[in-house]
There are 2 protein chains.
Amino acid sequence: MSCGKRLAEQLHERGYRVTAQRTIILETIAHMENHISAQQVYEGARERLPGLNLATVYRTVESLKGAGMINMLSTGGEPMRFSLCDPEHPHSHLVCRECGSIFELEAEEIEAFARRVEETTSFRIDSVHLTLEGLCQICKQKPAAS
Amino acid sequence: MSCGKRLAEQLHERGYRVTAQRTIILETIAHMENHISAQQVYEGARERLPGLNLATVYRTVESLKGAGMINMLSTGGEPMRFSLCDPEHPHSHLVCRECGSIFELEAEEIEAFARRVEETTSFRIDSVHLTLEGLCQICKQKPAAS
DNA sequence: TTCGTAGTTGCAAAGATTTGCATAAACTTA
DNA sequence: TAAGTTTATGCAAATCTTTGCAACTACGAA
Ligand SMILES: [Mn+2]
Ligand SMILES: [Mn+2]
Ligand SMILES: [Zn+2]
Ligand SMILES: [Zn+2]
């Protein structure tokens, strides 16, 4: 079965209607290597669906997030970006507040933490795709700017 | 020494210029019990500084964040909100994706995690004011919506 | 297959946040 | 205290994101 078809099926299984917009937006995000912005999703998807509207992209990524099929990444300042949620490679991100560089953090690093939070709070944590801010190895050696 | 004066002094110590806008915006945030939006900061601060511009509020909260004097809280959908960073009460937040309710998570819960991340990555994590999404105790019992 | 209904979309307008630029104010130095 | 230098502010415009509403479409029931 094709990649797009399998994704559409998952969408259906989770109770979401399968529309051309959702299918194509999902495939557009899936075929990108990195996290991409709404504008980039829009440009990519519009090639296959010319009438597509940017508002639909925003509403769709919201739905896809709800379906647990994509991750969102918001790095300070820059617009929100999206990526396919790959259960094979759960991870979070470290973003350097100085130079903007991004590092991945494997899921094991945060799993124990998430489980403990669930125990002590009876809150169910979403399969976490955290973004932690801070300073990378290089930037933390320089003096602070104002 | 007055609360506002002490805050202004801190700002100066950290290498930021002390302007009327920064001082009043900082006090406005400090005097609020909860996290408030840029619009609310603007309305509050403008009472004491009528010429204040909303763009200045945005630029100022960015600076105050850089100075480590305020926290930012972004709960899915709603606009960003701000609060005074109180070293006496470090915490993070759990936001329910269904009902929007917010719970606090004491700092001890995440300290060990942050330290471990710092060790394994040589990345310096900002004094963390994390926001974790998930389902609260009540909402996690109901079936999922689409 | 057809129909009815609830959920989606496009469009336009509103709301939220950022940015360029000229002016004004803060801090440094003399 | 009086420049001179650097940074912050106001304003307007740009960019990013959300929303109301009427038309459209997916999909379960008949
Ligand atoms: Mn990611
Ligand atoms: Mn808080
Ligand atoms: Zn860096
Ligand atoms: Zn809830």
Side-chain angles (χ1 to χ4, degrees), chain A residues 5 7-26 28 35-43 45-46 48-67 69-70 72-82 97 100 144-146, chain B residues 5 8-26 28 35-43 45-46 48-67 69-70 72-82 100 144-146:
Chain A
K5 195 133 191 176
L7 290 173
E9 209 162 83
Q10 264 180 50
L11 204 49
H12 185 253
E13 281 164 11
R14 299 175 192 199
Y16 291 79
R17 292 198 177 177
V18 177
T19 66
Q21 288 85 344
R22 285 178 176 175
T23 306
I24 290 175
I25 286 171
L26 190 46
T28 302
H35 306 76
I36 62 177
S37 69
Q39 186 64 40
Q40 288 173 304
V41 172
Y42 176 57
E43 284 162 15
R46 199 173 38 166
R48 295 170 56 197
L49 199 66
L52 181 65
N53 191 279
L54 183 55
T56 301
V57 173
Y58 280 103
R59 280 189 286 227
T60 299
V61 293
E62 205 51 57
S63 300
L64 296 176
K65 176 80 192 319
M69 300 187 67
I70 65 172
M72 296 189 170
L73 172 68
S74 100
T75 77
E78 285 165 56
M80 184 76 76
R81 290 186 293 152
F82 316 94
R97 136 171 71 79
S146 77
Chain B
K5 195 134 190 175
E9 210 163 83
Q10 264 180 52
L11 203 49
H12 185 253
E13 281 164 12
R14 300 177 191 197
Y16 291 79
R17 291 195 178 177
V18 176
T19 65
Q21 287 85 345
R22 286 180 176 173
T23 306
I24 290 175
I25 286 171
L26 190 47
T28 302
H35 306 77
I36 63 176
S37 69
Q39 186 64 40
Q40 288 173 304
V41 172
Y42 175 57
E43 284 162 16
R46 200 173 36 168
R48 294 171 56 197
L49 199 66
L52 182 64
N53 191 280
L54 184 54
T56 300
V57 173
Y58 280 104
R59 279 188 286 227
T60 298
V61 292
E62 205 52 57
S63 300
L64 296 176
K65 176 79 191 321
M69 300 189 66
I70 65 172
M72 296 189 171
L73 173 68
S74 100
T75 78
E78 286 165 56
M80 184 77 76
R81 289 185 293 152
F82 316 93
S146 77

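All chains are named by letter (A, B, ...) in the order of the sequence lines, taking the proteins before the strands, and each is independently numbered beginning at 1. As the structure is a prediction and not an experimental result, all values here were calculated from the model.
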| said: Return a single string for nucleotides 20-30 of chain D, one symbol per nucleotide in 5' to 3' order, where B is base contact, S is sugar-phosphate-only contact and - is none, cutoff 4.0 angstrom on heavy atoms. | reply: B----BBSS--
In whole Å, I'd like the distance from the [atom1] atom of [X] to the [atom2] atom of [N].
X	N	atom1	atom2	answer
B:E9	C:dC27	CD	P	12 Å
B:L11	D:dA8	CG	C1'	12 Å
B:N53	C:dT23	CG	C1'	14 Å
A:E62	C:dG7	CD	C1'	16 Å
B:R22	D:dG10	CZ	P	12 Å

So do [Y] and [X] actually touch side chain to side chain, heavy atoms under 4.5 Å?
X	Y	answer
A:N53	A:Q21	no
A:L7	A:T23	no
A:Q39	A:P79	no

| request: Nearest 0.5 Å please: distance from the OH atom of A:Y58 over to the CZ atom of A:F82. | output: 6.5 Å
| request: Nearest 0.5 Å please: distance from the CD atom of A:E62 over to the CD1 atom of A:I70. | output: 8.0 Å
| said: Check the phosphate of C:dG10 against A:Q21, side-chain N and O only, distance under 4.0 Å to OP1 or OP2. Yes or no? | reply: yes
| remark: Between A:V57 and A:I25, the two heavy atoms sitting closest are CA-CD1, 3.9 Å
| request: Might you work through the side-chain contact (heavy atoms from CB on, under 4.5 Å) test for B:L26 and B:T60, ending with a clear yes or no? | output: CA-CA 9 Å; B:L26 190 47; B:T60 298; over 6 Å; no
| note | Closest to the side chain of B:Y58, out of C:dT18, D:dC16, D:dT9, is C:dT18
| query | Which residue lies toward the 5' end of DNA chain C, B:M80 or A:G51, if each is placed at its nearest nucleotide? | reply | A:G51
| How would you label the contact of B:T60 with the nucleic acid (heavy atoms, under 4.0 Å): base, sugar-phosphate, or nothing? | sugar-phosphate
| Divergence of helical axes at both termini of the helix from C:dT1-D:dA30 to C:dA30-D:dT1 - five pairs an end, 10° steps | 40°
| query | For B:Y16, is the NZ or CZ atom of B:R14 found under 6.0 angstrom from the centre of its six-membered ring and inside 45 degrees of the ring axis? | reply | no
| remark: Contacts of A:Q40 meeting side chain to side chain donor-acceptor pair (under 3.5 Å) (sequence neighbours excluded), chain-then-number -> A:S37
